[in-house]
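Everything on this sheet refers to the single structure shown next.
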2 protein chains.
Amino acid sequence: MAVDRDHVLRSAAALLTRKASATLDEVAKAAGISRATLHRQFAGRDALVRALEEYGIQECEAALRTARLGEGPASDALRRLVAEIEPHAGLLAFLYTENQLFEGEELNDGWTRMDEQLGALFRRGQENGEFRIDLTPAWLTEASYGLLVSASWAVTDGRMAPNDFTRMITELLLGGVRRPHGEPGRTPS
Amino acid sequence: MAVDRDHVLRSAAALLTRKASATLDEVAKAAGISRATLHRQFAGRDALVRALEEYGIQECEAALRTARLGEGPASDALRRLVAEIEPHAGLLAFLYTENQLFEGEELNDGWTRMDEQLGALFRRGQENGEFRIDLTPAWLTEASYGLLVSASWAVTDGRMAPNDFTRMITELLLGGVRRPHGEPGRTPS
DNA sequence: CCCACCTGAGACACCGATGTCTCAGGTGGG
DNA sequence: CCCACCTGAGACATCGGTGTCTCAGGTGGG
């Protein structure tokens with residue numbers, strides 16, 4: 001029986017998040033097991049990545065459920081979502097860029113499900129007048145991923161304070177960089 | 001002398017943008033030359049990627065110059081910038097993710113220069129009251145890259161219309177997804 | 001106690017990609 | 001015309017990562 005398949009997955013995620021090109025040797029060492037044992041649990045690198053994908057999807061879907069995207073103002077739902085996903089943003093970034101390599105292969109349904117839920121949130125916001133209607137839900141979904149990835153890398157590279165993660169993403173996503181009309185601007189010079 | 005070093009670089013960029021794991025054989029074929037000749041121009045894959053990096057940086061810096069980030073409203077400058085960078089967004093995406101693999105190695109000064117120019121633009125916008133001051137220029141710079149990458153992939157994967165590229169990015173970046181207060185919202189159902 | 005089972009360590013072969021070399025062809029300039 | 005030069009094609013060795021196997025050790029349950 002798996003020594004601790006979950007432990008292996010977690011440490012592999014932590015390592016590959018930092019170094020996507022890590023060797024199976026390094027993954028095994030990171031998990032505190034030998035390459036042989038690692039190979040007994042995951043048939044190969046491909047299987048490991050697939051398992052990580054499944055793992056990441058489940059974590060994200062759990063975050064989606066916890067965030068209850070259907071309840072309350074869409075803006076608040078989005079804030080809850082980003083806050084919930086934050087712990088898994090690194091893994092998400094890894095999988096997001098890794099997916100670019102699944103050139104021909106079919107991709108996990110999980111992504112489609114996530115896309116749909118995110119898209120539905122943005123559509124809901126548009127339909128109840130909270131959100132602009134000139135930005136397509138598909139793009140907003142894509143942009144959310146992009147910002148999550150950027151912020152994740154910025155944090156791991158020390159270009160952003162971990163505490164700012166959720167606020168920077170949601171504030172930019174919701175309000176953009178331009179100052180609202182009403183507020184007084186500081187005059188230049 | 002190089003058959004057409006520039007042609008090789010361009011076709012390599014076009015190919016690697018679509019398939020980052022392309023073989024040197026494929027790169028050579030894409031350029032219409034043999035692997036031997038390719039190898040005569042670029043010592044190895046590493047050298048090729050470095051050259052692509054230099055090439056991409058030069059294209060982006062040219063875009064930065066053309067956009068004249070220092071002139072006029074910062075919002076308009078940002079719009080000009082995105083429009084100018086659009087043709088090179090694919091290459092930028094490739095290099096952006098590839099840079100994540102330059103784990104230990106020193107990275108090209110060009111990126112720092114670009115970061116500084118972008119950061120200066122956002123800082124200028126903040127100082128003259130156009131932009132909010134609660135989002136750091138460093139994050140806004142990072143987020144710009146992220147959105148460019150996301151949009152680039154969305155276009156190549158057919159999830160976004162090429163025509164929407166500049167508008168989707170700039171509108172989201174500038175105004176965010178939330179509807180401005182003044183405008184009337186359509187009542188739900 | 002003893003056996004079944006799992007693990008770690010290492011050896012080994014395999015594979016794809018890469019780096020290097022040679023040689024024939026063909027093209028352009030003198 | 002002829003030679004210098006470049007190119008394409010292919011052979012070949014290499015290398016890092018991977019997949020597979022064996023075997024000794026050690027641990028826990030019966």
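Chain letters run A, B, ... following the sequence lines, proteins first and then strands; every chain starts at 1. As the structure is a computational prediction, the values presented were derived from the model and not from experiment.
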Which residues share a side-chain hydrogen bond (donor to acceptor under 3.5 Å, both in side chains) with Arg132(A), sequence neighbours left out
Asp134(A), Glu171(B)
Whether the side chain of Glu130(A) engages the backbone of Pro73(A) through a donor-acceptor N/O pair (distance < 3.5 Å, no angle test) should be reported.
no
So which pairs with a foot in residues 26-38 of chain B pass salt bridge (charged side-chain N to carboxylate O under 4.0 Å, His left out), sequence neighbours left out?
Asp25(B)-Arg35(B)
Is there any protein nitrogen or oxygen under 3.5 Å from a nitrogen or oxygen in nucleotides 25-29 of chain D, and what are the pairs?
none

Could you write nucleotides 16-21 of chain D as a row of B, S and -, 5' to 3', where a protein heavy atom under 4.0 Å of any base atom gives B, of only sugar-phosphate atoms gives S, and otherwise -?
-SSBB-
Between Thr37(B) and dG8(D), is there a contact of a side-chain N or O with OP1 or OP2 at under 4.0 Å?
yes
Hey, could you give me each pair passing salt bridge (charged side-chain N to carboxylate O under 4.0 Å, His left out) that has a residue in residues 61-71 of chain A? Not counting sequence neighbours.
Glu61(A)-Arg113(A), Arg68(A)-Glu71(A)
For residues 135-152 of chain B, the salt bridge (charged side-chain N to carboxylate O under 4.0 Å, His left out) pairs (sequence neighbours left out) are Arg159(A)-Glu142(B)
Taken to the nearest whole Å, CZ/Arg5(A) to P/dC6(C) is 16 Å
Can you list everything that forms a side-chain hydrogen bond (donor to acceptor under 3.5 Å, both in side chains) with Thr141(B)? Sequence neighbours excluded, please.
none
Quick one: stems for DNA chain C, with Watson-Crick or G-U pairs under 3.5 Å, at least three in a row?
C:1-30 with D:1-30
Rounded to the Å, how far apart are Leu38(B) CG and dG19(C) P?
10 Å
Please table the atom pairs, donor to acceptor, closer than 3.5 Å between any side-chain atom in residues 81-89 of chain A and protein atoms at least two apart or in another chain.
residue	atom	partner	partner atom	Å
Glu86(A)	OE1	Thr166(A)	OG1	2.9
His88(A)	NE2	Glu59(A)	OE1	2.9

Nearest whole Å is fine: how far is dC6(C) C1' from Gln41(A) CD?
11 Å
If the condition is side-chain hydrogen bond (donor to acceptor under 3.5 Å, both in side chains), which residues does Asp76(A) pass it with, not counting sequence neighbours?
none
Holding to side-chain hydrogen bond (donor to acceptor under 3.5 Å, both in side chains), I want the full list of residues that pass it with Arg45(A), two or more places apart in sequence or in another chain.
none
Donor-acceptor pairs under 3.5 angstrom involving side-chain atoms of residues 114-121 of chain A: please list them, not counting sequence neighbours.
residue	atom	partner	partner atom	Å
Asp115(A)	OD1	Tyr145(A)	OH	2.7

